[in-house]
Participant: 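Have a look at this one.
Residue indices begin at 1 and follow the sequence shown. This one's a predicted model, so the numbers in the text were calculated from it and none came from an experiment.
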Amino acid sequence: CGGVAMSFFAPCLGDPMDMLDPRLREIWLDNVSEAQSAAVVLSQNPVRLLIHALPPVVFAAVLAVALKTVPRAERPNWLLLGLFAAVALLVSLVQVRFFQFAHIFCIPAAAWLMSAAHGAIVARGASPARVALLAAAPFVTSPWLVALPKMLLAPADGGATAAAVVQTHGPVADPVRRECQGPAERAALAALAPGIMAAPVFYGSTVLGLSPHAVLSGPYHRAQRAILDTHAIFAGPPAAALPILRRRGIDYVVICLSSGNRLVHGARHPASLTAALERGAPPDWLTLVPGGGGGFLRIYRVVSGVGGS
């Protein structure tokens with residue numbers, strides 16, 4: 001199998017992101033939290049890495065107990081399960097998104113732990129420790145073990161918000177409202193005639209999911225040219241954005257001022273189209289569509305025949 005892979009599928013053995021335009025790493029990929037390495041996450045957010053690492057640590061403890069208690073004939077099965085988990089854990093060091101594969105191996109470990117605890121209760125009677133072990137065993141599986149610390153350690157205000165929105169409206173605590181994904185935003189998008197929208201990269205998937213509109217780009221590595229055009233639209237000056245909008249046939253420009261996932265902010269690009277939209281001063285070839293979800297979602301229609309061709 002290794003020979004076939006190296007002979008016919010050699011590119012699959014390299015970095016899957018080598019095909020990316022180098023500019024995309026800085027303006028997009030490095031900002032994708034799940035695609036970061038464990039070393040980067042450890043330096044920026046140690047608690048987040050700890051949350052991801054909890055299930056493999058618990059799995060290792062269960063594995064050690066199992067190897068000591070199961071019959072000798074069953075130990076190779078546990079060693080094989082541990083080997084798969086170790087490989088998944090090594091891949092997770094490259095990109096933390098792959099921790100989910102390491103988490104999968106917690107499920108059979110939790111099932112065995114429940115069975116062992118139940119067997120001990122049946123054989124030797126109930127005790128507080130055995131009952132507690134039986135009750136806690138399901139939490140070894142990754143959804144609970146990862147979700148609970150996330151909920152307990154989440155910041156009270158739901159994370160960072162755009163400076164302009166904080167100054168005007170105060171912090172936005174509701175994550176759905178902060179990312180402009182609520183009923184008001186859905187209604188505002190649905191009320192428009194279907195068209196093509198230019199939206200910040202991470203909001204592109206929201207537009208596709210909440211509305212009938214097409215979108216210029218989303219957080220997908222195969223849409224390289226579209227992501228570069230999107231970045232040029234929002235990070236460049238308005239005069240440079242208009243030709244791209246015309247070339248791409250864009251009908252609407254959309255921005256969520258409260259989003260913590262925006263890659264372009266007016267403070268970092270003061271002469272950009274984004275800065276103008278944050279100030280509420282769009283160029284003359286954009287007209288504001290009323291009813292954009294309480295002011296956080298700004299929808300602008302591209303005016304035909306204004307600002308040049």
Side-chain angles (χ1 to χ4, degrees), residues 20-33 160-168 172 178-181 185 188-189 192 195-211 213-289 292-293 295-303 306-308:
L20 283 182
D21 186 302
R23 293 172 292 176
L24 284 179
R25 290 187 177 273
E26 179 181 354
I27 68 175
W28 168 62
L29 187 60
D30 288 347
N31 296 283
V32 179
S33 58
T161 56
V165 174
V166 172
Q167 292 173 3
T168 306
V172 186
R178 187 179 72 246
E179 297 302 330
C180 297
Q181 297 174 345
E185 291 79 18
L189 291 170
L192 302 172
I196 305 176
M197 290 189 164
V201 173
F202 286 109
Y203 197 65
S205 52
T206 297
V207 172
L208 290 177
L210 298 185
S211 76
H213 305 288
V215 68
L216 173 57
S217 70
Y220 312 110
H221 69 278
R222 297 187 186 278
Q224 297 188 55
R225 293 182 180 177
I227 294 175
L228 289 172
D229 278 352
T230 299
H231 182 77
I233 290 170
F234 287 98
L242 182 59
I244 303 174
L245 296 172
R246 301 291 192 207
R247 172 168 55 84
R248 287 284 189 171
I250 302 300
D251 300 295
Y252 307 98
V253 174
V254 184
I255 188 170
C256 179
L257 293 181
S258 54
S259 173
N261 289 320
R262 272 196 296 151
L263 302 181
V264 178
H265 294 274
R268 293 198 298 264
H269 302 83
S272 65
L273 176 62
T274 294
L277 299 183
E278 287 179 351
R279 295 193 305 268
D284 60 354
W285 41 266
L286 288 180
T287 179
L288 181 65
V289 176
F296 298 116
L297 180 66
R298 300 278 179 86
I299 306 174
Y300 296 88
R301 191 187 309 273
V302 180
V303 181
V306 178

Participant: Is the shortest side-chain heavy-atom distance between Tyr203 and Asn261 below 4.5 Å?
Facilitator: no
Participant: Can you tell me how far CD1 of Ile27 sits from CG of Leu228, rounded to the nearest 0.5 angstrom?
Facilitator: 5.0 Å
Participant: Might you confirm whether atom CZ of Arg268 has over 12 heavy atoms from other residues, nucleotides or ligands at distances under 6.0 Å?
Facilitator: yes
Participant: Checking side chain to side chain contact (heavy atoms under 4.5 Å, CB included) for the pair Thr274/Arg262: CA distance, chi angles, key distance, verdict?
Facilitator: CA-CA 10 Å; Thr274 294; Arg262 272 196 296 151; 3.5 Å; yes
Participant: More than 12 heavy atoms of other residues, nucleotides or ligands under 6.0 Å from CZ of Arg225: is that the case?
Facilitator: no
Participant: Can you name the closest pair of heavy atoms from His269 and Ala275 and give their distance?
Facilitator: O-CB, 3.5 Å
Participant: Report the residue from Ile250, Leu216, Val254 that forms a side chain to side chain contact (heavy atoms under 4.5 Å, CB included) with Met197.
Facilitator: Val254
Participant: So, taking the atom named CG in Leu189 and the one named CG in Leu297, what distance separates them when rounded to the nearest 0.5 Å?
Facilitator: 5.5 Å
Participant: Could you report the tightest heavy-atom contact between Ala240 and Pro243, atom names first, then the distance?
Facilitator: O-CD, 3.4 Å
Participant: Let me see the working for Val215 and Ile196 under side chain to side chain contact (heavy atoms under 4.5 Å, CB included), right down to the final yes or no.
Facilitator: CA-CA 5 Å; Val215 68; Ile196 305 176; over 6 Å; no
Participant: Which heavy atom in Ile244 sits nearest to a heavy atom in Ala232, and how many Å separate them?
Facilitator: CD1-CB, 3.6 Å
Participant: Would a distance-only check, ignoring hydrogens and angles, find a side-chain to backbone donor-acceptor pair under 3.5 Å from Arg298 to Glu278?
Facilitator: no
Participant: Could you give the distance from CG (Asp229) to CG (Leu245), rounded to the nearest 0.5 Å?
Facilitator: 9.5 Å
Participant: Tell me, do Pro219 and Ser205 make a side-chain contact under 4.5 Å, heavy atoms counted?
Facilitator: yes
Participant: So which atom in Ser258 and which in Arg178 form the shortest heavy-atom distance, rounded to 0.1 Å?
Facilitator: OG-O, 2.7 Å
Participant: Given side chains that start at C-beta, do those of His221 and Ile227 come closer than 4.5 Å, heavy atoms only?
Facilitator: no
Participant: Taking the side chain as every heavy atom from C-beta outward, state whether Leu210 and Cys180 have any atom pair closer than 4.5 Å.
Facilitator: no
Participant: Given side chains that start at C-beta, do those of Glu185 and Thr206 come closer than 4.5 Å, heavy atoms only?
Facilitator: no
Participant: Identify the two heavy atoms, one from Asp284 and one from Val303, that lie closest to each other, and give their separation to 0.1 Å.
Facilitator: O-CG2, 4.5 Å
Participant: Closest heavy-atom contact between Phe234 and Ser272?
Facilitator: O-CB, 3.3 Å
Participant: Which value, rounded to the nearest 0.5 Å, describes the distance between Ile255 atom CD1 and Ile299 atom CD1?
Facilitator: 12.0 Å
Participant: To the nearest 0.5 angstrom, please state how far the OH atom of Tyr252 sits from the CG atom of Leu192.
Facilitator: 4.5 Å
Participant: Just by distance, do the side chain of Ser217 and the backbone of Val201 share a donor-acceptor pair under 3.5 Å?
Facilitator: no
Participant: Measure the spacing between CD of Glu179 and OG of Ser259 and express it to the nearest 0.5 Å.
Facilitator: 3.5 Å
